[in-house]
Amino acid sequence: MPAPLNAVVTGSTSGIGLGIATAFAENGMNVMLNGFGDADDIERVRAGLEEKHRVSVRYNGADMTKPAEIRALIKEAETAFGQVDVLVNNAGIQHVTKIEDFPEEKFDAIIAINLVSAFHTTKAVMAGMKARGFGRVINIASAHGLVASPFKSAYVAAKHGVVGMTKTVALEGAEFGVTANAICPGYVKTPLVEKQIPDTAKERGISEEEVVKDVLLAAQSTKKFVKIEEVGALACFLCTEGAASITGAALPVDGGWVAH
Ligand code: NAD
């Protein structure tokens, strides 16, 4: 295992991705941040992580719908760090509407960002990881990679696709020290979830409070949101030698949701 590890985390300017990037930096890993947001805010986060944890933290704003920008992101990380040892495919968006009203451009964007971008990033890092005999591909899928909910046709399709692609990458990397796993979180209170509460209330004809209690946390047996730090902790473990034989797995972090 190379030390320190060098990671790319897509969609790491917010929510789960930022939590994973922070956990990586705390563990001495160099990190390439990616995602949208206010340039000053992003720079504050980047410089803060770098200073606090004495690691190298860079930022590249590649749009995950643009394959050329994705390839340039991986190139920049390879140039800055020498190599990419850990790839976290995390960038994602959501849209909640019944299928007959689902905007076609929204469906395409969700598939592009939540699924196809992971193909482009993985394609760009895989040969190097195999040649060096070490690599970790961590795909942030969802409980919706394992089960469905109504009004989320694009998201559920993309996340099931991510789980499938994870298994293929695991099989291709298995003899080369490259593991690939999908983390499948339940509901985590991030902007992605907060934004869908009003739309879900509208689709179901219930209040926003009822959405949280009767929809989001209904199947989550703990009746609690999953913490960002809990997803970060699992991502860190997957990077260790102790996790070398965990590959091709879809690992729920969902308070017991898919145990039903
Ligand atoms: P978030 O909205 O807080 O963060 C999403 C990140 O993706 C941001 O950094 C954003 O800038 C980035 N992003 C969006 N579009 C992009 C694009 N075109 N190019 C580059 N970056 C882009 O959301 P989150 O909840 O932290 O979600 C992160 C991942 O976790 C997603 O894949 C999501 O599906 C998954 N997930 C979230 C939950 C949850 O409950 N929050 C549960 C399961 C899985």
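In listed order, ligands and their atoms are each counted from 1.
Of the charged side-chain nitrogens involved, none lies within less than 4.0 Å of a carboxylate oxygen, so that Glu210 and Lys213 do not count as a salt-bridged pair.
Of the candidates Phe36, Phe225, Tyr187, Tyr155, Tyr155 brings a heavy atom nearest to atom 36 (N) of ligand 1.
Looking at Asp85, its side chain never comes within 3.5 Å of a backbone N or O of Leu5 through a donor-acceptor pair. Between the side chain of Asn90 and the backbone N or O of Gly11, at least one donor-acceptor pair lies under 3.5 Å. The backbone N or O of Thr97 sits nowhere less than 3.5 Å from a side-chain atom of Glu203 that would complete a donor-acceptor pair. Between the side chain of Ser12 and the main chain of Val9, a donor-acceptor pair closer than 3.5 Å is present. Under a 3.5 Å cut-off, the side chain of Asp254 and the backbone N or O of Gly256 do form a donor-acceptor pair. The main-chain N or O of Asn60 is found under 3.5 Å from a side-chain atom of Asn34 such that the two form a donor-acceptor pair.
What sits closest to atom 5 (C) of ligand 1 on the protein, heavy atoms only, is Gly92 O, 3.7 Å. Looking from atom 24 (P) of ligand 1 to the surrounding protein, the closest heavy atom is Thr190 OG1, 3.4 Å. In this structure, the protein non-hydrogen atom closest to atom 3 (O) of ligand 1 is Ser14 OG, 2.6 Å. Looking only at heavy atoms of the protein, atom 12 (C) of ligand 1 is closest to Gly11 CA, 3.6 Å. Of the protein's non-hydrogen atoms, Ile16 CD1, 3.5 Å is the one closest to atom 37 (C) of ligand 1. Among all non-hydrogen protein atoms, the one lying nearest atom 13 (N) of ligand 1 is Ala91 CB, 4.3 Å. The shortest contact between atom 42 (C) of ligand 1 and any protein heavy atom is with Gly186 O, 3.0 Å. In terms of protein heavy-atom proximity, atom 21 (N) of ligand 1 is closest to Gly35 CA, 3.6 Å.
Once rounded to the nearest 0.5 Å, the distance linking CZ of Arg204 with CZ of Phe151 reads 5.5 Å.
Taking every non-hydrogen atom of Asp63 and a distance limit under 4.0 Å, the qualifying atoms of ligand 1 come out as 17 (C), 18 (N), 19 (N). Those atoms of ligand 1 with a heavy atom of Val193 less than 4.0 angstrom away are 39 (C), 40 (O), 41 (N). Within ligand 1, the atoms closer than 4.0 Å to a non-hydrogen atom of Asn90 are 28 (C), 29 (C), 30 (O), 31 (C), 32 (O), numbered from 1 in the order shown. Per-residue contacts place Thr13 under 4.0 angstrom from the following atoms of ligand 1 (heavy atoms of the residue considered): 8 (C), 9 (O), 11 (O). Ligand 1 places these atoms under 4.0 Å from at least one heavy atom of Ile93: 14 (C), 15 (N). Within ligand 1, counting atoms from 1 as listed, the ones closer than 4.0 Å to a heavy atom of Gly15 are 3 (O), 26 (O). Heavy-atom proximity to Ala62, at under 4.0 Å, picks out these atoms of ligand 1: 19 (N), 20 (C). Listed by number with element, the atoms of ligand 1 under 4.0 angstrom from any heavy atom of Asn34 are 20 (C), 21 (N).
For the pair Ala141 and ligand 1, a heavy-atom separation below 4.0 Å is found. Residue contacts with ligand 1 do not include Gln94, since none of its heavy atoms lies under 4.0 Å from the ligand. The closest approach between Pro191 and ligand 1 falls below 4.0 Å for a heavy atom of the residue.
If you check the side chains of Asn139 and Thr166, you find a donor sitting under 3.5 Å from an acceptor.
Of the heavy atoms in Lys159, only side-chain atoms (C-beta onward) come closer than 4.0 Å to ligand 1.
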Please determine whether salt bridge (charged side-chain N to carboxylate O under 4.0 Å, His left out) holds for the pair Asp199 and Lys202, giving the CA-CA distance in whole Å, both sets of side-chain angles, and the decisive distance to 0.1 Å.
CA-CA 5 Å; Asp199 293 338; Lys202 193 166 138 234; 5.6 Å; no
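Judged by the 6.0 Å and 45° rule, Lys130 forms a cation-pi pair with Phe176.
In this structure, His95 has its ring center no closer than 6.0 Å to that of Tyr155.
Following chains of ILVMFWY side-chain contacts shorter than 4.5 Å, one cannot reach Leu115 starting from Ile183, and the two form parts of different hydrophobic clusters.
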